[in-house]
Amino acid sequence: MTETNEPNNEQHLDFIRQIVADDIESGVNDGRVHTRFPPEPNGYLHIGHAKSICLNFGIAAEFGGQCNLRFDDTNPCKEEQEYVDSIIEDIQWLGGQWNGEPLFASDYFQQMYDWAVELIKKNRAFVCDLTADQTRAYRGTLKEQGKKSPYRNRGVDENLDLFERMKKGEFPDGTKTLKAKIDMASPNINLRDPVMYRILHATHHRTDDDWCVYPMYDWAHGLEDSIEGITHSICTLEFENHRPLYDWFLDALEIHHPRQYEFARLNLTYTMMSKRKLLQLVNNRLVSGWDDPRLPTLSGLRRRGFSPKSIRDFCATIGVNKFNSTVDYALLEHCLRKDLNATSPRVMAVLNPLKIIITNFPDGQADELDAVNNPEDESAGTRIVPFSKMLYIERDDFMEDPPRKFFRLAPGREVRLRYAYFITCNEVVKDDNGEVVELRCTYDPATRGGDAPDGRRVKATLHWVSAEHALDAEIRLYDHLFTKENPDDVEDGQDFTANINQDSLKVLGGCKIEPSVKNAESLRRFQFERLGYFCTDADSTPEKLIFNKTVGLRDTWAKIQKQQQNQQKQKQQKKK
RNA sequence: UGGGGUAUAGUGUAACGGUAGCACGACUGACUCUGAAUCAGUUAGUUGGGGUUCAAAUCCCUGUACCCCAGCCA
């Protein structure tokens, strides 16, 4: 978890790491560091969780401590085993190494119950018969204090009896709760006699029907941390208001008292991180599933072709703070490209094939050329790519009437085919519609390998494949799932789905790829030269190759094209 | 006058009373068998107003803006 950002004395520590470092120095917890990552298994992990994972596992690794993986499974209505499994898989993929086995809050239900009984005996908790609506009314508002429940002064014995019968399932859902007896006049609403247990006749994914009462987050979470000997309990900003309650319970029980610290959750442009909304996208089939490559879920990013290292690097780069911010998606892409550039084998693939005939190349013959696998990594070696009379190049790499600054192929122009030969376009063949269907070119045999012995130069190098040898493939191109930087920026009456980008997925058939990728396993990453980074999709097979575009290469020509288009528009507007 | 938080280039972050720096983005240029990568450069900032100090992003006072809280969710 630390490989991308080894902390050292020179390096800046974020405010949480600073606290940890200070605690170690002053001997708090005997210098012990123990964090935890506590997901609720009610959805898939996303890149926002990655920030928390990198923080919690990272701190443990950097300071010689431990980090627990603990499922906060206190609400049986929303939680499922499928989510537990996916969360474990995603953390492992990211590189998080937890202490021992995965832990479950549900394993502590008995201990929590016993502690609740203890609070009742201390007259600091009571069974309340108010309904949910009544409880809300009694709670007061942000500006007005609440009223005490009429059940607040029940005797200890009666409370003990009722609580036990709640547990046994004698009362219907919603008829009774166990509440902490704190302060109905507190300006912090969380302290106005908060509910500790609710009655839920629900089947839990691990404890089955053992329990009819389930602990609330505020009651449960500190206890879980305490039981596990957590030292630093790190959570997101919205729990700041809950910290006094976290502390109140642990103080009341006089048990090990971890300290809670809050940091700002991650926001990313063009992305939506709410679990509820992600669930909505999945359930309403607006995406193909939790692992849709357009989603910010870890499973989606994995399928898209992201490397774990790039995500870790991203998390280290964005830092940790207490104020809300929205990170530019371009920064994520930068971290992605940085890693993929260093590690991805290069390969040639043509997305929109345009046929070329090398008129002076002998019929029925093939040449074999050496190509470098990764110029950033000499140890990656070389491979052979076949060349023959009929080739495909990218349609975008030819223009019959090229504008200024276009230095790819055009009639009469000479370019290089990467690792192969210089070719010159002599003839443009069109169909009845005037569409270019074929180019007839000549090659210079003296330029084999890509260099001209006479020292002459070309302005462009194109990728290509041999028609006879190329593999067919389906290629899926992705764009942002949302058209707006902030998907929640909508007109009145609309929700975020109004901002879904209808062009976020384009499926290209009939793409052509060099034969070396034939047996590429699932999720294998490549750079398609001059195009971008791609990986084999989970559904790809040697019989039907499918690639996902992870991210494009930076594209200066595309920028120039845009500028030229804008200039033309401006000229036209001036004429009008 | 409910409470709790937070404000540094377009974006994300450093500077812990002593030269406001880094990264991303954008823009130049060099190099190039990927219009990639790499390299060099340009651009642009302390929420407003007072105060303390030789010196303030940092300390004090006072405005402003934004975020969170009224689930028997987490």
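The figures that follow rest on heavy atoms only: side chains count, while hydrogens, waters and symmetry mates do not. Below, read A as the first sequence line, B as the second, and so on, with proteins coming before strands; counting in each chain starts at 1.
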Original post:
Within the structure, does a side-chain N or O atom of A:His334 lie under 4.0 Å from either OP1 or OP2 of B:C24?
Top reply: yes
**OP:** Run the salt-bridge test on A:Arg198 and A:Asp173 with the 4.0 Å N-O cut-off and return the result as yes or no.
**Re:** no
Original post:
Looking at side-chain heavy atoms only, is the closest gap between A:Arg17 and A:Leu55 below 4.5 Å?
Top reply: yes
Original post:
Which one, B:U34, B:U13, B:G35, comes nearest to the side chain of A:Phe406?
Top reply: B:G35
Original post:
Taking the side chain of A:Leu553 as heavy atoms from C-beta outward, which of B:U13, B:U34, B:A37 is closest to it?
Top reply: B:U34
**OP:** Based on the glycosidic angle (syn within 90° of 0, else anti), state the conformation of B:G71.
**Re:** syn
Original post:
Can the ring centroids of A:His463 and A:Phe528 be said to lie less than 6.0 angstrom from one another?
Top reply: no
Subject >> Letter per nucleotide, 5' to 3', of nucleotides 62-74 of chain B [B base touched, S only sugar-phosphate touched, - untouched; heavy atoms, 4.0 Å] >> reply: -----SBBBSBSB
Original post:
OP1, OP2 of B:C27 versus side-chain N and O of A:Gln563: anything below 4.0 Å?
Top reply: yes
Subject >> Under 3.5 Å: donor-acceptor pair, side chain of A:Asn68, backbone of A:Arg70 >> reply: no
Original post:
Are A:Lys176 and A:Asp129 within salt-bridge range, i.e. N to O under 4.0 Å?
Top reply: yes
Original post:
Can you tell which of B:U32, B:U34, B:U6 lies closest to the side chain of A:Arg457?
Top reply: B:U32
Original post:
With a centroid cutoff of 5.5 Å and a plane-angle limit of 30°, would you call A:Phe323 stacked on B:G5?
Top reply: no
Original post:
Within the pair A:Arg554 and B:A37, is there a side-chain N or O less than 4.0 Å away from OP1 or OP2?
Top reply: yes
